There are 2 protein chains.
Amino acid sequence: MARSSRKQEILQAALGCFTEYGVEATTIEMIRDRSGASIGSLYHHFGNRERIIAALYLEGIGEYAARLEAGLIETLDAEACVRLFVSSYIDWVVANPDWARFVLHNRGRVEAGEMGDRLREVNQAHGERVGAILRRHRESGAFRRMPSDCFIAVVIGPCHDMARNWLAGRSRTALADVRDLLADIAWASVRA
Amino acid sequence: MARSSRKQEILQAALGCFTEYGVEATTIEMIRDRSGASIGSLYHHFGNRERIIAALYLEGIGEYAARLEAGLIETLDAEACVRLFVSSYIDWVVANPDWARFVLHNRGRVEAGEMGDRLREVNQAHGERVGAILRRHRESGAFRRMPSDCFIAVVIGPCHDMARNWLAGRSRTALADVRDLLADIAWASVRA
DNA sequence: ATAATTCTAGAAAATTATTCTAGTCAAAAC
DNA sequence: GTTTTGACTAGAATAATTTTCTAGAATTAT
């Protein structure tokens with residue numbers, strides 16, 4: 001067995017349980033069962049239940065953030081930049097629905113817990129890198145003037161809501177089908 | 001002691017604990033302590049921990065939904081209607097921050113749990129009443145054509161994100177100060 | 001080969017949630 | 001005015017779940 005594969009097996013088992021039964025309702029025993037690991041192994045790798053949740057969360061947003069930043073670096077045009085925000089988010093959700101659902105519903109839990117500081121660090125670092133890229137466009141006058149908090153919320157907020165509904169099976173519209181519409185609206189909302 | 005005041009005391013105590021320590025970390029014992037109730041009383045009123053969470057959630061969205069619907073009934077103009085969505089949401093969050101934070105972060109938990117069906121019923125009924133009001137405007141051509149799922153997400157999504165950030169103390173901008181800006185953007189995003 | 005380290009195992013202990021029995025209290029029925 | 005009924009409270013007992021702990025297997029480094 002490859003090194004630390006057990007750790008990944010546990011995380012995958014946990015995500016499976018969380019998706020199927022909800023985070024609250026899954027017990028350590030269920031994760032142990034599905035992963036084939038022992039209690040000892042589980043606690044060796046993660047220390048406690050909460051850190052399993054936090055690890056899954058951090059890995060999820062990490063992958064998405066990396067993708068977004070990689071794309072942004074190559075994108076010089078303000079409009080393309082805004083559209084990339086929308087489309088890379090939608091693409092990630094469509095490609096990783098279980099992970100996306102978990103991440104969308106558990107930020108508060110992780111932030112309130114012992115890994116909260118760690119998460120805030122990671123988010124802040126990511127936010128600053130993205131912010132630096134956006135600042136160029138803002139200063140060049142490509143965007144309507146508004147607080148930067150608002151800018152992010154306006155661009156990605158509709159995607160979050162739409163994804164949440166789609167992931168919960170509440171949406172009659174396929175998420176992938178509204179990618180371009182949401183990108184249009186996002187750009188129209190923030191252009192100068 | 002007025003009838004069923006104990007029940008409300010327990011709910012308030014629970015919300016206090018959830019705000020202070022997070023939902024995961026608060027135990028029945030902590031709620032018992034803060035409310036002054038006994039274990040027996042707690043279980044008499046709610047049956048289990050999850051139903052305390054669900055009751056708090058349902059009461060929270062209920063109050064907000066009632067306010068919104070009351071406003072919508074008196075609003076005949078399409079633009080005013082969209083602005084009302086934004087402003088009544090922001091006003092509610094500013095007036096009830098703890099409750100708003102709890103509701104924003106625990107929808108998934110309640111939906112996944114035993115009260116999930118009940119919540120979906122309530123949400124669907126609310127959605128249909130609101131949808132009926134919006135349909136008039138849509139059919140009169142006041143709105144840009146888009147799936148109704150998208151419409152809601154575009155109007156209220158930025159508010160959700162902004163509120164989430166503000167409630168978590170991540171926002172430098174006061175939420176009340178961007179109410180009109182968000183309403184402007186919402187209307188610009190959905191007008192024909 | 002052997003020492004060091006990481007990892008796995010599962011029983012034992014601790015913590016937390018829930019059930020259960022025994023009541024109190026206030027109002028309705030008689 | 002007492003009895004009865006049902007809602008409510010109490011806390012001990014029980015059950016479920018998480019966490020700790022000790023021992024040993026597997027892997028890596030020396």
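Values below: every heavy atom of this structure, side chains too, minus hydrogens, waters and symmetry copies. Order of the sequence lines sets the chain letters (A, B, ...), proteins ahead of strands, with each chain counted from 1. All figures in this text were calculated on a predicted structure; none of them were measured in a lab.
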Without decimals, in angstroms, what is the distance between [X] [atom1] and [N] [atom2]?
X: A/E24; N: C/dT16; atom1: CD; atom2: P; value: 14 Å
X: A/F46; N: C/dT8; atom1: CZ; atom2: C1'; value: 14 Å
X: A/E50; N: D/dT19; atom1: CD; atom2: P; value: 9 Å
X: B/N48; N: D/dA16; atom1: CG; atom2: C1'; value: 13 Å
X: B/M30; N: C/dT16; atom1: CE; atom2: C1'; value: 12 Å
X: B/I28; N: D/dA16; atom1: CD1; atom2: P; value: 16 Å
X: B/I31; N: C/dT16; atom1: CD1; atom2: P; value: 13 Å
X: A/D33; N: C/dG10; atom1: CG; atom2: C1'; value: 14 Å

Hey, what's the ring geometry for A/F143 with A/F151, parallel, tilted or perpendicular (30° and 60° as the breaks)?
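Tilted, since the angle between the ring planes falls between 30° and 60°.
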Is it true that B/E20 and B/R34 make a salt bridge, defined as a side-chain N closer than 4.0 Å to a carboxylate O?
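Salt bridge between B/E20 and B/R34, a charged N being under 4.0 Å from a carboxylate O: yes.
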So, is [X] near the phosphate of [N], with a side-chain N or O under 4.0 Å from OP1 or OP2?
X: A/S38; N: C/dA9; result: yes
X: B/R6; N: D/dA10; result: yes
X: B/H44; N: C/dT19; result: no

B/R49 side chain: which of C/dC7, D/dC8, C/dA17 is closest?
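Of all the options, the side chain of B/R49 is nearest to C/dA17.
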Of all the nucleotides listed (D/dT20, D/dA12, D/dC8), which has the minimum atom distance to the side chain of B/I39?
D/dA12
Comparing nearest nucleotides in DNA chain D, the 5'-proximal residue of the pair A/E29, A/G40 is A/E29
Is there a donor-acceptor contact under 3.5 Å linking the side chains of B/N106 and B/R109?
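Yes, B/R109 and B/N106 have a side-chain donor paired with an acceptor closer than 3.5 Å.
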Within the 3.5 Å criterion, strictly below it, is a donor on A/Q12 or A/Q8 matched to an acceptor on the partner's side chain?
no
For atom CZ of B/R136, decide whether the heavy atoms of other residues, nucleotides or ligands shown that lie under 6.0 angstrom number more than 12.
yes
